[in-house]
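Here is the structure we will look at.
Everything numeric here is computed off the predicted structure, so don't read it as measured data. The first residue of the sequence shown is numbered 1, and numbering continues consecutively from there.
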Amino acid sequence: TIFNKIQIMRKFLLSFILLIFASNFLFGSTNYKSIEEVKSLNYELFEEIGLDENKINYVSRVIYSIYKKAQQITSYGASTQKGFSLDKEAEVMLLRVLTQSELKALDAVKHKLK
């Protein structure tokens with residue numbers, strides 16, 4: 001029915017807006033060119049959180065990876081399932097090397113990421 005189609009359309013639109021907001025919130029308006037660029041732009045912030053060199057490298061890789069995935073999803077049209085899974089996917093990858101408190105600290109300053 002038309003009501004069901006409107007509901008589906010609303011959910012898709014909401015998911016798409018959420019994806020764009022999440023990718024913008026997570027990565028700012030930066031267009032990263034490489035993992036090294038992510039690392040160099042945010043190195044002081046990572047040190048401030050208390051991450052060592054290995055953790056900084058890993059976090060930079062995760063940020064770059066999720067950024068590229070969000071960029072690809074946006075360019076091909078957002079899949080609602082993928083849009084919601086990006087933040088969860090990043091959290092799972094980050095928890096492989098970060099403690100819960102380090103992840104919390106990173107989450108608290110993610111709006112400062114360049």
Side-chain angles (χ1 to χ4, degrees):
T1 66
I2 291 187
F3 181 72
N4 287 340
K5 288 181 182 180
I6 291 172
Q7 289 296 90
I8 291 170
M9 190 86 144
R10 281 177 129 180
K11 287 180 182 179
F12 177 75
L13 185 58
L14 179 61
S15 299
F16 184 71
I17 291 169
L18 182 63
L19 171 68
I20 291 175
F21 177 74
S23 63
N24 187 38
F25 182 71
L26 187 57
F27 306 110
S29 59
T30 305
N31 289 318
Y32 296 125
K33 307 233 182 322
S34 69
I35 294 168
E36 284 303 313
E37 183 178 22
V38 175
K39 181 179 171 182
S40 66
L41 288 172
N42 298 295
Y43 195 84
E44 288 179 22
L45 187 61
F46 294 148
E47 279 191 322
E48 184 180 307
I49 294 170
L51 303 180
D52 63 23
E53 191 67 31
N54 290 332
K55 288 181 180 181
I56 289 173
N57 288 333
Y58 188 81
V59 168
S60 298
R61 287 178 188 280
V62 170
I63 290 172
Y64 184 73
S65 170
I66 297 298
Y67 163 76
K68 285 305 220 182
K69 285 180 184 178
Q71 192 178 45
Q72 184 178 15
I73 289 171
T74 305
S75 71
Y76 289 115
S79 161
T80 55
Q81 189 177 25
K82 268 295 199 189
F84 287 116
S85 70
L86 285 179
D87 284 337
K88 188 66 178 165
E89 185 179 341
E91 183 179 328
V92 167
M93 288 191 297
L94 290 171
L95 281 173
R96 289 181 183 164
V97 296
L98 300 180
T99 64
Q100 202 63 313
S101 62
E102 290 171 331
L103 182 61
K104 231 180 208 178
L106 181 62
D107 191 46
V109 298
K110 69 181 174 185
H111 64 282
K112 294 181 182 180
L113 291 175
K114 298 177 186 164

If you measure from [atom1] on [X] to [atom2] on [Y], what distance do you get to the nearest 0.5 Å?
X    : Y    : atom1 : atom2 : value
Q100 : D107 : CD    : CG    : 10.0 Å
K110 : L45  : NZ    : CG    : 13.0 Å
E89  : L94  : CD    : CG    : 10.5 Å
E48  : L106 : CD    : CG    : 11.5 Å
Y64  : K33  : OH    : NZ    : 9.5 Å
L113 : N42  : CG    : CG    : 4.5 Å

Mind checking side chain to side chain contact (heavy atoms under 4.5 Å, CB included) for [X] and listing every partner two or more places apart, or none if nothing turns up?
X    : result
N54  : D52
K104 : none
T99  : S101, E102
E44  : none

Is there a chain of hydrophobic side chains (I, L, V, M, F, W, Y, each step under 4.5 Å between heavy atoms) that links [X] to [Y]?
X    : Y    : result
V59  : L95  : yes
Y43  : L51  : yes
V109 : L103 : yes

Notebook entry, point to check: Sub-3.5 Å donor-acceptor pair from the side chain of S65 to the main-chain atoms of R61, do we have one?
Noted result: no
Note to self: Suppose we call two aromatic rings close when their centres sit under 6.0 Å apart. Are Y67 and Y32 close by that rule?
What the structure shows: yes
Checklist line | Minimum side-chain heavy-atom gap I63-I35 below 4.5 Å | finding: no
Item checked: Results of salt bridge (charged side-chain N to carboxylate O under 4.0 Å, His left out) for E53 - residues two or more places apart only -> K39
Check: So which heavy atom on F46 is nearest to which on S60, and how close?
Finding: CE1-OG, 3.6 Å
Next item on the list: Evaluate the side chain to side chain contact (heavy atoms under 4.5 Å, CB included) criterion for residues E37 and L41: first the C-alpha distance (whole Å), next the side-chain angles of each, then the deciding distance (0.1 Å), finally the verdict.
Entry: CA-CA 6 Å; E37 183 178 22; L41 288 172; 3.7 Å; yes
